[in-house]
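Single-structure report; data block below.
This chain uses plain numbering: 1 for the first residue, then up along the sequence.
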Amino acid sequence: MKRVAWLPSLLLLIVTLHTCLSDVESNSTAEALALLNWKASLLSLTNRSVLPSWTVSPGNAQASPCGWFGIHCKGDSVSRINLTSYGVKGTFHAFPFSSLPNLDELDLSINGLFGTIPPQINQLSNLTYLDLSYNQLSGKIPPQIGQLIHLKTLHLVQNLLNGSIPDEIGQLQSLEELALQNNYLNGSIPYSLGNLANLTYLYMLNNSLSGNIPSEIGNLSSLQELYIDNNQLAGSIPSTFGKLKHLRLLYLSTNSLSGSIPSEFGHIESLNELALFKNNLSGFIPPSLGNLTDLTILQLYENKLFGPIPEELGNLKLLVFLEVSQNQLNGSIPSSFANLSNLETLFLRDNQLSGPIPQEIGNLMKMWMLELDGNQFTGQLPQNICRGGTLEYFIANDNHFRGPIPKDLKNCSSLKRVRLERNRLTGNISEDFGVYSSLKFISLSDNDFYGEISPQWASCNNLSSLQIARNNITGRIPPELGNSAQLQALDLSSNHLVGEIPKELTKLTSLTRLILSGNQLSGGIPMEVGSFSQLEYLDLSANRLSQSIPETIGDMLKLYYLNLSSNNFSIGIPRQIGKLVQVNELDLSHNMLSGEIPTQFQSLKSLSTLNLSYNNLSGSITIFNELRGLVQVDIAHNELEGPVPDVPAFQNASIQALEGNKGLCGNVSGLKPCKLSKNGHHKLLYAIMLPLLGAAILSIAILALFFGLKKKGKDADEERESTKIDENLFAISSVDGRLLYAEIISATKNFNSQCCIRKGEYGNVYRVQLSSGDIVAVKEVLPLHADEVRTAKEFQNEVMALIDIQHGNIVKFYGFCCSAEQSFLVYKYLEKGSLATNLSNDETAKELDWDKRLNIINGVAYALSYLHHDCSPPIVHRDLTSSNVLLDLEFEAHISGFGLAKLLNPDSSNWTNLAGTYGYVAPELAYTMKVTEKCDVYSFGVLILEVIVGAHPGNLIATLPSSSLEMRLLVKDVLDQKPLPPSAHIQDKLVSLMKIAFMCLAGNPHSRPTMCAVSQLLAS
């Protein structure tokens, strides 16, 4: 009877268990089907199939996902999904939020997810770990994420998220890690973050956050790491940070923070790393920082801190890295720094520090990098600076150091880079320096070193730059220097060197700069000089060199600067100089050169500055009619005769640059007018007839163009309702074309050369003020010699490229004319002329400060991005150079010169002839002949370097620094010296800019970024 009594209970238990198991099977199957539905929306970033293990067997009605890749279960329910780095692509919207009630961890990082984060994410109510980092998610962070109250880890790093950080994140009371860096988040940091008492790690760096730092952050009592650097935060640093007792790492750098460093920082006893650089912090460095005895890294550089360096910093005995550079600190280096026994890196550069360097600094046995440059230090350098044998970088230039160099520097084999220039150091150059196997760069210029140059420098096998200019060095140049195979720059100028230039130097096939000017060198230039195949800069001026200039000088094809002035060279100028097509500045003045100027000079299309004065040159100078890029000339005191070339450099030259010749004439103040012979009348007639003949041919070409444009259909016609046309004229502006034509003909006096403001290879430019008040530049189209077909093609390209373009950084196009009488293009007049002209002229280059230069680069980038990504079809400029970037009164950049532009046809391979300006053309065009947008990207990279250097970068294009430090040092070495030195903030921008330049100059076009990506990099 007892068995009968409990039998119903047993049956009830069996039924209940069966029901529960059925529910489990049903839930598991539902989760599987939901995940399969999401899988169907995904693609693979690789060639493999998408999640092949995510499948169910045919006919299997009770499927479970628990054995699938990346799926982990508790019981039979999905608790964790981890697909990190799996390579799936798709949106997050089809994710089965409501079907995974027990999901605890979700990691989809490092994939190709795009679109927004759906608000339905709040349905994952048990989630404790969420990582969506390194995807392409965009839009705002949904406020519903604040409902995930069990969340401990939230990582959304490196996406495209924008908008503000939602206040609701402050509801995540369990949160321990919050990582939002490398997005486009803006707005202020929400005060509600102060509620996250369990938060240990907070990363918000590299966004666009603004406003003040909330003082409530000081309530995060568990916080160990705080990164808010690289944002746009302002205001002062909250003193409440002093309550963050467990904080180990604090990075607030690269914002606009102001005020003083709170003394309360001294209460953060656990702090290991403190970075407050690149802000506007002012005031004294608080002595209380000396209480941070666990500190290993302290970075306060590029602020406005003033006053002395606190003696208390000497208490930081664990300190490894200290940088307070680029402030306004004064006083001396505290003697307590001798206690920093673990210090490896000390940066004090660009302050107003003075006094002697404590000799005890030399006792810091682990020091490997010491920068003292740009201060007012006096006295002697520490004599045991390399005692620990670890010193690699010793930078002490631009101070007032006196006396000998450190004694132990001679045997400091660890040295890689030494800069001691512009001090008052003394010593024997041949005895006080040793052989340095690791040394790459040394500059001892502008000191009082004496003695002879030791052949031992040739034993420094890694030496790439040796600079000992402006000292009291005597003796000869040792031939052994020719064995320094890595040497790229050698500057021994302004010393007392004698003897001949050793021909052994010509073995330095990597040399790019050779400066031996201002010595007493004699003899001739070695015939082997043509072996300098990489040489870009050669200055042998102000010596006693004689004989003739060797013909082999024409083999240095990368030369852009050549100065042989103030020597005793005789005979004629070798015609081989005409092979130096990249030369920008040429000075042969104050010699004894005779004969005529070689006709090959007309090949020097890059020449902007020419000085041939004080020689015995004779004959005419008509060959310079071909050099439209000339900016400055001086041919005074020769025996030259005939008409002065009709190019601006000569027409605008002072009489002092032309005087002392026997028969120069022309429309230049101080010269006699030229007399026309009968032969001259014939030449004038030809000069008039040939352009007219070319214009007739152009008329046919442009009319063909017009009818071709009409074929684009009615849409294109409606877009150009303002276009006015008659049989000879096609004007794009709203101005009546015939009136525009009449005004231009009247203002230019029918294109009289006296009204010309600039002469170019493909046409003269005139400035015309219209009755509307607009000032326009009119480019008269002239046939290139007899090549009317090429001229017509370029005319057509320019019109086709500009006809529909409207962009603030592209020259505004008013219209064009093509008639039997005249053919010309009409643009908005830009007062400052070309970027090339501004960079090459000392006065305008000074005015072109670094802020303006950065803005010019930004403008060009925006314009190219527009041409490549916003025009249909895309337009490739193909001839982006500094000569084709024009500047207005505000120094805003405007791209011009669309004669070689190509509209990319998506249905074509876009093959092309090699075209463009030498030195800017992408290398792949030489062998593929396929034009893409990446050709312009390469030219843009060259342009960036040109703006930084102040001239065409030449062989610098092939120099890719291996680290950020090398990039920073390279910028300091090549920076254009004509404008005022950049601020520390701008200098860092220039380093970033150079990094972008080298990305654009990648040999593989597929490795170059798009101009859209470049624009975003510049904007950030």
field: Criterion side-chain contact (heavy atoms from CB on, under 4.5 Å) on N519 and I473, from CA distance to verdict
entry: CA-CA 10 Å; N519 282 288; I473 310 302; over 6 Å; no
message: Assess the residue pair E847 and K978 against the criterion (salt bridge (charged side-chain N to carboxylate O under 4.0 Å, His left out)); give the C-alpha distance rounded to whole Å, side-chain angles, the decisive distance to 0.1 Å, and a yes or no.
response: CA-CA 9 Å; E847 189 178 2; K978 290 188 284 290; over 6 Å; no
- request: Step by step, work out the salt bridge (charged side-chain N to carboxylate O under 4.0 Å, His left out) result for E371 and R349.
  value: CA-CA 6 Å; E371 282 199 6; R349 62 187 174 90; 2.8 Å; yes
message: Walk me through whether L586 and L580 qualify under side-chain contact (heavy atoms from CB on, under 4.5 Å).
response: CA-CA 10 Å; L586 176 60; L580 305 178; 5.9 Å; no
- request: Before giving the answer on side-chain contact (heavy atoms from CB on, under 4.5 Å), spell out for L514 and L535 the whole-Å C-alpha distance, their side-chain angles and the decisive distance to 0.1 Å.
  value: CA-CA 8 Å; L514 177 58; L535 202 65; 4.1 Å; yes
query: Which is it for T609 and N611 under the side-chain contact (heavy atoms from CB on, under 4.5 Å) test, yes or no, and what are the steps along the way?
result: CA-CA 7 Å; T609 302; N611 193 343; 5.9 Å; no
task: Carefully, step by step, assess D973 and R419 under the rule salt bridge (charged side-chain N to carboxylate O under 4.0 Å, His left out).
output: CA-CA 11 Å; D973 288 343; R419 296 192 63 170; 3.4 Å; yes
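The shortest side-chain heavy-atom distance between V668 and L658 falls under the 4.5 Å cut-off. With contacts defined as side-chain heavy-atom distances shorter than 4.5 Å, the pair Y866/M1011 does not qualify. The shortest side-chain heavy-atom distance between I549 and N591 does not fall under the 4.5 Å cut-off. With contacts defined as side-chain heavy-atom distances shorter than 4.5 Å, the pair D976/L848 does not qualify.
With hydrogens and angles disregarded, a donor-acceptor distance shorter than 3.5 Å links the side chain of T844 to the backbone of N838. N884 contributes no side-chain N or O that, together with a main-chain N or O of T881, makes up a donor-acceptor pair within less than 3.5 Å. For N841 (side chain) and E843 (main-chain N/O), a donor-acceptor pair under 3.5 Å exists by modelled atom type. Remark: the backbone N or O of G808 is paired with a side-chain donor or acceptor of H894 at under 3.5 angstrom. Within the 3.5 Å criterion, the main-chain N or O of N447 finds a donor-acceptor partner in the side chain of N471. Of the possible polar contacts, one joining the N661 side chain to the N638 backbone as a donor-acceptor pair under 3.5 Å is found. For D849 (side chain) and D851 (main-chain N/O), a donor-acceptor pair under 3.5 Å exists by modelled atom type. Without hydrogens or angle criteria, T512 side chain to Q488 main chain gives a donor-acceptor distance under 3.5 Å. The closest donor-acceptor contact from the side chain of D888 to the backbone of L830 lies at 3.5 Å or more, if one exists at all. No donor-acceptor pair closer than 3.5 Å links the side chain of D448 to the backbone N or O of L425.
Tested against I573 for a side-chain contact (heavy atoms from CB on, under 4.5 Å), the candidates L564, L612, N615 yield a single pass: L612. For the side-chain contact (heavy atoms from CB on, under 4.5 Å) test with L497, the passing option among L516, N543, L492 is L492; the others fail.
Distance check, rounded to the nearest 0.5 Å: CZ of F277 to CG of L300 gives 10.0 Å. Rounded to the nearest 0.5 angstrom, N375 CG and H400 NE2 are separated by 9.5 Å. To the nearest 0.5 Å, atom OG of residue S325 and atom CG of residue L348 are 6.5 Å apart. Taking CD1 of I944 as the start and CZ of R853 as the end, the distance is 14.0 Å to the nearest 0.5 Å. Taking CD from E890 and NZ from K832, the interatomic distance works out to 9.5 Å, rounded to the nearest 0.5 Å. We find the CD1-CZ distance between I857 and F940 to be 5.0 Å, quoted to the nearest 0.5 Å.
Side chain to side chain, S606 and N584 fail the donor-acceptor criterion of an N or O pair below 3.5 Å. Remark: the E892 side chain and the N855 side chain contain an N/O donor-acceptor pair separated by less than 3.5 Å. Under 3.5 Å, the side chains of Q534 and K558 contain a donor-acceptor pair of N or O atoms. Q467 and S465 form a side-chain donor-acceptor contact under 3.5 Å, judged by distance and modelled atom types alone.
Around CD of Q602, the count of heavy atoms belonging to other residues, nucleotides or ligands within 6.0 Å exceeds 12. More than 12 non-hydrogen atoms from other residues, nucleotides or ligands lie less than 6.0 angstrom from CG of L889.
Take F624 and apply the ring pair (Phe, Tyr, Trp, His ring centres under 6.0 Å) test, not counting sequence neighbours, and it matches F650. Listed by chain and residue number, D539 satisfy the side chain to side chain donor-acceptor pair (under 3.5 Å) test with S541 (two or more places apart in sequence, or in another chain).
The pair K972-D373 meets the salt-bridge criterion, with a side-chain N (NZ, NE, NH1 or NH2) lying under 4.0 Å from an Asp/Glu carboxylate O.
Close placement of the H952 and Y920 rings is indicated, their centers lying within 6.0 Å of each other.
Ring planes of Y537 and Y560: perpendicular class, angle over 60° (limits at 30 and 60°).
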